[in-house]
Amino acid sequence: MSGELAGVPAAPSGAGWGRGGRLAARRRLADRLATGLSLGATGIVLLALGSILLTLLARGLPGLSAGTLVRVMTPPGGGGGLANAIAGSLVQTGLAAAIGTPVGLLTGIYLSEYATDGRVVAVVRFVSDMMLSAPSILVGLFVYLALVAPVGHFSGLSGAVALAVLFVPVVVRTTEDMLRLVPLTMREAAYALGAPKWRVVLQVCLRAARAGVLTGILLAVARVSGETAPLLFTSLGNMNWSLSLAAPMASLPVAIYQYAGSAYDDWVQLAWTGALLITAGVLVLNVVVRMWHRRLGAGQ
């Protein structure tokens, strides 16, 4: 009887074990190299973000005071603040979100759930992607020609519309992608219970994709809250207190743009403080919405 037991395969030869060992070693080396590169890239990003935040804190905190938040912008040496710019940014960004969120949500829902004509979907997606990557200054010029030039003056409303145009494509893309990630079985289960399509979309699909959709809206808010170029052609800015949508309106990005390049130390300090306020506002908004979503999810 041979050395092999019946039905039991022979042990691999030494050459086979050598080739397998070398292959495993190469795989371990590639895994460690990829892990090291990933950790290195993550460290570089965190270092860059940390340096930006530390710089904003170091330069912006010295100018942050109650006077900065309650006084309006004044000429150099006047001891002014950023109250009108803060209020103008809140009004224009809030109005842009109020305009852009429903438009973006409905368009994303249509592309994901209702679109049947491939040509229409391709055109809408192409326009959305083009607007997503278009320079913001082009949007400002477009709104200037459409809303500012015909009436002959700048206005806060035109600034909000320009920001809304930048707001919409971010929400469209995020909403469509998040809805496509909802499992088909969830839709089928709702249809099996007799639910109409609109109810399935609103109460099943949107609820399941809620976190991603909210993230998209927050990304859109973060993008438009710091835009300067569109506002230079639309709302322009205002040194006085004005919340009229039919008149030029101040904003933090425009104030930062005007102050940062000035030769006056107090204006440069206000520019750093304004940049810190924008960053802190977006950060606080993200934290509040995520905590609200987490609490809402735990309550269910």
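Given the structure is predicted, the values throughout are model-derived calculations rather than measurements.
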Got a donor-acceptor contact below 3.5 angstrom from the Asp266 side chain to the Gly79 backbone? no

Identify whether Leu57 and Ile278 are in the same connected component of the hydrophobic contact network (ILVMFWY, side-chain heavy atoms under 4.5 Å). yes

Name all residues meeting the salt bridge (Lys or Arg N to Asp or Glu O under 4.0 Å) criterion together with Arg119; count only those two or more places apart in sequence or in a different chain, and write none if there are none. Asp117

Strictly by modelled atom types, are Ser158 and Ser155 linked by a side-chain donor-acceptor pair under 3.5 Å? yes

Note: Met249 and Gly156 closest approach over all heavy atoms is CB-CA, 4.0 Å

Would you find more than 12 non-hydrogen atoms of other residues, nucleotides or ligands less than 6.0 Å from Tyr110 atom OH? yes

Counting heavy atoms not belonging to Tyr191, are there more than 12 under 6.0 Å from its OH? yes

Taken in chain and number order and not counting sequence neighbours, the residues that satisfy salt bridge (Lys or Arg N to Asp or Glu O under 4.0 Å) with Arg125 are Glu176

Tell me the closest heavy-atom pair linking Met73 and Gln258, and the distance in Å. CE-OE1, 4.1 Å

Single-linkage hydrophobic cluster, 4.5 Å side-chain cutoff, Val268 and Ile256 together: yes

Closest non-hydrogen atoms of Leu236 and Val254, given as atom of the first, atom of the second and distance, are O-CG1, 3.3 Å

May I ask you to test the Leu277-Ile86 pair for a side-chain heavy-atom distance under 4.5 Å? yes

Evaluate the side-chain proximity of Phe154 to Tyr144: yes if any heavy-atom separation is below 4.5 Å, no if none is. yes

Taking the side chain as every heavy atom from C-beta outward, state whether Gln92 and Ser251 have any atom pair closer than 4.5 Å. yes

Hydrophobic clusters here meaning ILVMFWY residues chained together by side-chain heavy-atom distances under 4.5 Å, can you tell me if Phe167 and Leu214 are in one? yes

Checking side-chain contact (heavy atoms from CB on, under 4.5 Å) for the pair Thr174/Val213: CA distance, chi angles, key distance, verdict? CA-CA 6 Å; Thr174 308; Val213 172; 5.8 Å; no

If you define the side chain from C-beta out and look only at heavy atoms, does anything of Ser242 sit under 4.5 Å from Asn240? no

Report yes or no: do Ile109 and Val120 belong to one cluster of Ile/Leu/Val/Met/Phe/Trp/Tyr joined by side chain heavy-atom distances under 4.5 Å? yes

Verify same cluster id: Leu219, Ile99 (apolar side-chain graph, 4.5 Å): no

Give the minimum heavy-atom separation between Tyr114 and Val201, together with the two atoms involved. OH-CG2, 4.0 Å

Aromatic plane relationship, Tyr259 with Trp267 - under 30° parallel, 30 to 60° tilted, over 60° perpendicular: parallel

